[in-house]
Amino acid sequence: TLSIAIEPRRSFIMSAIANRIFQSMHSYYHPMFRQGSVVPLWHMFAFVSVTMYTTAYLARDYNNIQHKHVVEKQAMAEYYEKHGGAPDHH
């Protein structure tokens with residue numbers, strides 16, 4: 001029963017936050033759109049680029065990089081075992 005009481009409050013808070021963000025963006029960008037400024041376009045380009053890069057990294061590259069790190073760590077452990085040396089020493 002507690003989750004039933006909390007859920008409407010959480011959705012209200014999220015809705016209020018989203019509403020505030022929308023109002024802030026509207027207040028900031030609306031005059032620029034009216035004046036024909038290129039700034040909103042550049043901001044959209046930057047947002048889309050960052051979003052696409054992050055999504056591609058998380059979906060495709062992150063697992064490959066983590067796997068590569070594991071293989072390198074195993075190879076270095078084998079090297080130190082065979083040739084000596086301290087794996088904790090740099």
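Because the structure is predicted, anything quoted here is derived from the model rather than measured.
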Tell me whether Y53 at atom OH has more than 12 heavy atoms from other residues, nucleotides or ligands lying less than 6.0 Å away.
no

When you look at K68 and E72, which way does the side-chain contact (heavy atoms from CB on, under 4.5 Å) test go after all the steps?
CA-CA 6 Å; K68 187 175 166 185; E72 288 173 354; 3.6 Å; yes

Does one hydrophobic cluster hold both M76 and V70, with members joined at side-chain heavy-atom distances below 4.5 Å?
no

The reported gap from OG in S24 to CZ in R20 (rounded to nearest 0.5 angstrom) is 3.5 Å

Parallel, tilted or perpendicular: which fits the ring planes of H26 and F22, with parallel below 30° and perpendicular above 60°?
parallel

Treat each ILVMFWY residue as a node, draw an edge where side-chain heavy atoms are under 4.5 Å apart, and state whether L58 and I65 are in one component.
yes

Between M25 and I21, does the side-chain contact (heavy atoms from CB on, under 4.5 Å) criterion hold? Intermediate values first, please.
CA-CA 6 Å; M25 288 179 65; I21 290 171; 3.9 Å; yes

Residues, nucleotides or ligands: over 12 heavy atoms within 6.0 Å of E81 CD:
no

Anything under 30° is parallel, anything over 60° is perpendicular, the rest tilted; go ahead and classify Y29 against H43.
perpendicular

Count the heavy atoms of every other residue, nucleotide or ligand shown that sit under 6.0 Å from CE of M32, and state whether that count exceeds 12.
yes

H69 NE2 to N64 CG distance, which is reported to the nearest 0.5 Å
11.0 Å

Is the count of non-hydrogen atoms from other residues, nucleotides or ligands lying under 6.0 Å from H83 atom NE2 greater than 12?
yes

